[in-house]
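Have a look at the structure below, then the notes.
Computed from a predicted model, the values in this text were never measured in an experiment. Letters go in sequence order (proteins before strands), and every chain restarts at 1.
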2 protein chains.
Amino acid sequence: MREKIKNQTNPNVSVDCVVFGFDGTDLKVLLVQRELRDNLNINDDTLVLPGDLINDNEDLDDAASRILTGLTGIRNIFLEQIGAFGHPQRLMKERDQVWLRAIRLEPSARVITVGYFALINIKNYKVKPAGFAKHILWHDYDTVNELGFDHKLILDTAIAKLRNKLYREPVGFQLLSKEFSINQLYTLYNEIMGGEIDRRNFRRRMLKTGFLKETDNFQEGVPHKPARLYTFVRKEFDNVSKNNFKFY
Amino acid sequence: MREKIKNQTNPNVSVDCVVFGFDGTDLKVLLVQRELRDNLNINDDTLVLPGDLINDNEDLDDAASRILTGLTGIRNIFLEQIGAFGHPQRLMKERDQVWLRAIRLEPSARVITVGYFALINIKNYKVKPAGFAKHILWHDYDTVNELGFDHKLILDTAIAKLRNKLYREPVGFQLLSKEFSINQLYTLYNEIMGGEIDRRNFRRRMLKTGFLKETDNFQEGVPHKPARLYTFVRKEFDNVSKNNFKFY
DNA sequence: AAACTTAGTGTAAAATTTACACTTTGAAAA
DNA sequence: TTTTCAAAGTGTAAATTTTACACTAAGTTT
């Protein structure tokens with residue numbers, strides 16, 4: 001770091017969260033409408049990721065937690081950083097620039113955002129509007145088109161990281177209830193991977209790992225044979241061989 | 001993002017680079033001595049990663065490139081973001097706080113740094129002192145102990161990312177000369193992985209991928225049988241099956 | 001010519017992956 | 001109560017990949 005040049009303006013730094021959820025069938029992502037302020041006559045209902053400026057003296061991770069706690073009330077959410085995104089303001093779309101000026105961020109300063117992704121179980125927690133997000137919705141991941149700022153890029157990066165993570169840790173369990181059937185797990189993984197996983201081989205592989213523990217409970221209220229429910233045992237996962245990778 | 005709260009101070013944002021090099025035997029990392037300023041009587045020769053504040057209107061990636069070009073003269077360096085690191089200033093060691101105050105960064109503002117890692121071939125480029133790095137050295141990766149700020153954390157994260165990356169892309173070639181022997185490649189990989197790779201199986205696997213092209217050249221000046229040299233053919237890599245991963 | 005150092009090579013056993021289709025079970029409908 | 005429906009649950013054989021493992025070849029130096 002060199003001596004500070006005085007005619008530079010420090011950037012605003014925000015944290016934006018990609019919150020993935022799973023409703024049993026589709027992968028969802030939590031989006032908010034860019035807040036309209038009554039005293040502004042700009043018309044802007046662009047969808048963006050939930051986020052906020054970081055506070056002084058606040059860890060980046062803590063800022064992400066704060067945002068999610070505000071939206072969901074949950075305290076210990078699975079959270080992982082995606083990275084920093086920082087296009088200079090001049091590269092933004094006009095609409096985004098207007099919006100930034102409207103809320104009077106430090107004049108002329110750019111915004112650098114640190115992306116996080118989180119996984120939560122849709123059914124367990126009701127999301128609720130927060131100060132920085134009056135309109136909030138679960139959006140189908142597959143059909144997200146355009147988002148404000150560079151949030152589409154952040155979202156794309158997030159799904160890549162999530163897939164990647166699935167190769168090393170059983171993160172998928174964060175998206176399911178405590179007890180789940182093998183086929184629910186299968187549906188989730190298949191959805192995340194966007195792919196063609198063989199159902200029978202999937203079951204065998206998962207059971208072989210040893211970190212799924214059979215319970216005595218079964219699905220209820222389904223109009224067909226109810227499936228046995230399992231729980232995830234982290235302790236067992238930690239023993240699983242991690243020699244899973246070939247390098248290039 | 002909410003309306004800017006006026007008593008907040010925007011953080012300084014810097015970019016720090018973990019530059020890995022390979023000298024044929026050991027993995028190295030480029031470090032600089034925290035710059036001593038003659039007009040300050042603080043005694044500080046702490047080693048840190050090369051870095052700098054980002055400029056207004058400068059992409060984060062561009063800032064990292066700029067730093068590396070300053071140190072090495074190379075323009076197209078393999079570079080990848082590691083992530084953002086942002087402990088509030090209050091969590092820093094006293095020595096780091098003193099240093100920051102000494103160079104008069106925006107008073108009381110914290111520093112958020114975005115880490116990058118780069119791979120370069122030590123032999124091809126002479127590193128040279130730059131404005132922000134008067135003393136610069138290749139340090140053995142294995143024996144790096146403590147660094148200023150949270151740079152040790154950044155370094156640890158970088159090596160993890162590098163290993164990780166090796167599972168999906170043949171990045172190791174960035175660290176070697178254009179033509180190299182299989183055993184040079186082996187030594188490098190073994191060094192990065194910190195591990196026990198079987199030499200024979202390594203050779204077979206690498207050759208089988210098809211992205212190593214045999215040349216008619218051999219090592220020169222070695223006091224033993226000279227090894228055949230190969231080049232890396234990216235086009236072929238792109239055809240290699242990427243179905244290399246098992247998930248959990 | 002002998003000694004040294006790294007290059008370069010093969011195989012068989014074990015483990016893993018893959019492809020693939022029918023039976024079972026409970027609920028709902030007829 | 002029987003039939004129908006929908007998803008649960010199960011097995012195997014062939015192909016592929018991984019693993020473990022030790023000697024010969026070739027060029028340089030002494």
Next item on the list: Give the rounded distance in Å between these two atoms: CD of E220(B) and P of dT6(C).
Entry: 18 Å
Next item on the list: Find which nucleotide of DNA chain D each of P223(B) and S181(A) is nearest to by heavy atoms, and output the residue with the more 5' nucleotide.
Entry: S181(A)
Check: Side chain of P226(B): nearest nucleotide among dA22(D), dT18(C), dG27(D)?
Finding: dG27(D)
Next item on the list: Please report, rounded to the nearest Å, how far the C1' atom of dA7(C) is from the NZ atom of K225(B).
Entry: 4 Å
Next item on the list: Respond yes when some side-chain nitrogen or oxygen of N183(B) is under 4.0 Å from OP1 or OP2 of dT6(C), and no when none is.
Entry: no
Next item on the list: Report the distance from atom CZ of R228(A) to atom P of dG9(D), rounded to the nearest whole Å.
Entry: 8 Å
Note to self: Side chain of R200(B) only, heavy atoms from C-beta on: which candidate in dG26(C), dA22(D), dA7(C) is closest?
What the structure shows: dA22(D)
Notebook entry, point to check: Rounded to whole angstroms, how far apart are CZ on F247(A) and C1' on dT18(D)?
Noted result: 12 Å
Check: For L207(B) and dG10(C), what is the distance between atoms CG and P respectively, to the nearest whole Å?
Finding: 12 Å
Note to self: Looking at the base of dT12(D), is there any donor atom on it, or on the side chain of R204(A), that sits under 3.5 Å from an acceptor on the other one?
What the structure shows: yes
Notebook entry, point to check: With respect to the side chain of K208(B), which nucleotide from dT6(C), dG26(C), dT18(D) is positioned closest?
Noted result: dT18(D)
Next item on the list: Kindly check if the number of other-residue, nucleotide or ligand heavy atoms within 6.0 Å of NZ (K213(B)) is above 12?
Entry: no
Notebook entry, point to check: Between R66(B) and D62(B), is the closest basic N to carboxylate O distance under 4.0 Å?
Noted result: no
Margin query: dG9(D), OP1 or OP2 - any side-chain N/O from R203(A) closer than 4.0 Å?
Written below: yes
Checklist line | Closest-nucleotide ordering on DNA chain D, the 5'-leading residue of R199(A) and R205(B) | finding: R199(A)
Donor-acceptor pairs are to be reported for all side-chain atoms of residues 135-146 of chain A against protein atoms at under 3.5 Å, with residues two or more places apart or in another chain.
residue: D140(A); atom: OD1; partner: K28(A); partner atom: NZ; Å: 2.5
residue: T143(A); atom: OG1; partner: D140(A); partner atom: O; Å: 3.4

Notebook entry, point to check: Between L79(B) and A64(B), which heavy-atom pair has the shortest distance, and what is it?
Noted result: CD1-CB, 3.8 Å
Item checked: Gap between atoms CD and P, on E196(A) and dT17(C) respectively (whole Å) -> 19 Å
Checklist line | Contacts of type salt bridge (Lys or Arg N to Asp or Glu O under 4.0 Å), residue R205(B), not counting sequence neighbours | finding: none
Next item on the list: Calculate the interatomic distance between N201(B) atom CG and dA20(D) atom C1'; express it in whole Å.
Entry: 8 Å
Check: Roughly, in whole Å, what's the span from CD1 in I197(B) to P in dT19(D)?
Finding: 11 Å
Notebook entry, point to check: Want to settle it: does D198(A) or V222(A) sit nearer the 5' end of DNA chain C, counting the closest nucleotide to each?
Noted result: D198(A)
